[in-house]
Amino acid sequence: MRIILLSSIVPFINGGARFIVEWLEEKLIEAGHQVERFYLPFTDDPNEILHQIAAWRLMDLTLWCDRVICFRPPAYVVDHPNKVLWFIHHIRTFYDLWDTPYRGMPDDTQHRAIRDNLRALDTQAISEARAVFTNSQVVADRLKAFNGLDSTPLYPPVYQPERFTHTGYGDEIVAISRLEPHKRQALMIEAMAHVKTGVKLRLAGTASSPEYGRQLLQRVQELGLQDRVILEDRWISEDEKAQMLKEALAIAYLPKDEDSYGYPSLEGAHAKKAIVTTTDSGGVLELVEHGRNGLISEPDPRALAEQFDRLHADKQGVAKMGTASLNRLAEMKIDWSTVVDRLTA
């Protein structure tokens, strides 16, 4: 089959939204398909958003491929009779973040009109798809709530899971992801001020804002945690990531209301590590079962510190959770063969 993978990007920003497309391309080619991958830049500026969507809608890929698979908005507005969606998220400021401090625009007549038109356009374009998959049940629930559309969760696997191995359980809880306020590295640092065991914390990843990286380092110093918290504000290669996880005590991933479980969770599970998250971390809660393959904490520094200490004090329990963490991936069918079969059916 000739397949085009179509998604939007923010130029020069790497992350999971690109990885899911690039990794799928490789797996589809391995399965014998011809694949082209297209990205177009996109901004969610309210003054430009509807014009950009109109431009995407004018693209007709019917002559060029047997199937188009669409990812980030607004790629799914493209015209094709055999359109399949692996829907990653809405433009959330116009959906679930509208009535929150993260809206980033006035709640006035003009912006409500843009919101309402965007939702109507999304509903129309998504309903045209032959099949609609999401990267989590959280996103499927949003599609149902806001657009009245049914969809099926199709969980994204990690690339080359065999690189993530396990050699033991040390003292470090490892958190590898972009350094972003909504990823809540600051909360983890605050928690380390309350731990009572010898547990340590390693935070690693690139800060999208240099200022946020400086703020995190300053907070470590203010709390006198230089000997307990390792902060690496830089790009972490896949090989380095695997090395950090090999002997980690556990991994921590506690974003605020994440769309999916996140690649850090999967990478940790493949390395047989328990996953620490919070009650408000969204899609991560589809993967983590408290006390079985990880721990779920209230998003409070003292509560989180208690979970960190619990792990450090019970290495035997940590080993059991690590094994369950790996087994959980098989239970949820998080693998590339399932993904390829569903998207090409």
Side-chain angles (χ1 to χ4, degrees), residues 7-20 41-45 71-73 88-98 100-105 135-136 138-139 142 156 158 173-192 201-223 225 229-238 240-241 244-245 251-268 275-285 287-288 297 299-301 304:
S7 194
S8 63
I9 59 166
V10 178
F12 307 109
I13 298 295
N14 288 316
R18 287 203 198 209
F19 296 157
I20 193 173
F42 181 75
T43 174
D44 57 6
D45 180 343
F71 301 83
R72 293 181 77 241
I88 305 302
H89 57 72
H90 290 98
I91 302 174
R92 294 182 62 191
T93 50
F94 294 99
Y95 281 89
D96 59 298
L97 298 181
W98 182 263
T100 75
Y102 302 103
R103 182 176 62 239
M105 67 192 80
N135 61 335
S136 70
V138 168
V139 175
R142 289 181 194 152
V158 70
I173 292 177
V174 176
I176 307 172
S177 70
R178 290 196 320 277
L179 303 183
E180 302 272 9
H182 72 277
K183 302 288 187 183
R184 295 194 292 197
Q185 287 89 4
L187 174 58
M188 298 183 229
I189 293 171
E190 297 286 341
M192 289 299 295
L201 174 67
R202 181 179 295 272
L203 303 172
T206 305
S208 60
S209 163
E211 178 58 29
Y212 183 60
R214 286 192 290 268
Q215 289 173 4
L216 292 177
L217 182 58
Q218 181 179 353
R219 193 60 181 143
V220 170
Q221 295 169 344
E222 289 173 349
L223 294 172
L225 296 173
V229 177
I230 303 101
L231 176 62
E232 299 187 60
D233 180 1
R234 61 182 179 84
W235 174 256
I236 307 299
S237 72
E238 294 300 301
E240 286 181 295
K241 192 184 299 182
M244 289 179 185
L245 293 175
I251 74 104
Y253 189 57
L254 35 139
K256 173 68 174 176
D257 194 22
E258 186 68 281
D259 297 312
S260 71
Y261 42 60
Y263 289 121
S265 302
L266 285 194
E267 292 158 352
I275 303 163
V276 182
T277 191
T278 51
T279 55
D280 60 350
S281 285
V284 191
L285 301 174
L287 178 67
V288 179
S297 171
D300 169 80
L304 187 59

Can you name the salt bridge (Lys or Arg N to Asp or Glu O under 4.0 Å) partners of Lys241, sequence neighbours left out? Glu238, Glu267
With sequence neighbours excluded, what pairs up with Arg234 under the salt bridge (Lys or Arg N to Asp or Glu O under 4.0 Å) test? Glu232, Glu240
Are [X] and [Y] close enough that some pair of their side-chain heavy atoms sits under 4.5 Å apart?
X      : Y      : value
Tyr263 : Pro156 : yes
Ser297 : Thr279 : no
Leu216 : Asp233 : no
Leu254 : Ser281 : yes
Leu223 : Met192 : no
Pro181 : Lys256 : no
Ile236 : Met244 : yes

Just wondering, more than 12 heavy atoms not from Tyr102 lying within 6.0 Å of its OH? no
Any idea which heavy atoms bring [X] and [Y] closest together, and the distance?
X      : Y      : result
Tyr212 : Ala186 : OH-N, 3.7 Å
Arg184 : Pro255 : NH2-O, 3.1 Å
Pro73  : His90  : CG-C, 4.0 Å
Thr278 : Leu285 : O-CD2, 3.4 Å
Ile275 : Ser265 : CD1-O, 3.6 Å
Pro299 : Asp280 : CG-OD2, 3.6 Å

side-chain hydrogen bond (donor to acceptor under 3.5 Å, both in side chains), paired with Arg219, selected from Glu222, Gln221, Gln215: Glu222
Interatomic spacing from [atom1] in [X] to [atom2] in [Y] - rounded to 0.5 Å:
X      : Y      : atom1 : atom2 : value
Asp259 : Arg142 : CG    : CZ    : 4.5 Å
Tyr261 : Tyr253 : OH    : OH    : 11.5 Å
Gln218 : Glu211 : CD    : CD    : 8.5 Å
Ile173 : Leu304 : CD1   : CG    : 7.5 Å
Leu231 : Leu179 : CG    : CG    : 6.0 Å
Ile189 : Leu203 : CD1   : CG    : 5.5 Å

Where do Val138 and Glu258 land on the side-chain contact (heavy atoms from CB on, under 4.5 Å) test, with the steps shown first? CA-CA 9 Å; Val138 168; Glu258 186 68 281; over 6 Å; no
Tell me, please, which residues at least two apart from Asp96 pass side-chain hydrogen bond (donor to acceptor under 3.5 Å, both in side chains). Arg92
Kindly determine whether Gln185 and Ser177 satisfy side-chain contact (heavy atoms from CB on, under 4.5 Å), including the steps that lead there. CA-CA 9 Å; Gln185 287 89 4; Ser177 70; 3.4 Å; yes
Polar side chain donor-acceptor pair, Ser8 to Arg72, under 3.5 angstrom: yes
Between Ile9 and Phe71, is the side-chain contact (heavy atoms from CB on, under 4.5 Å) condition met? List the steps. CA-CA 10 Å; Ile9 59 166; Phe71 301 83; over 6 Å; no
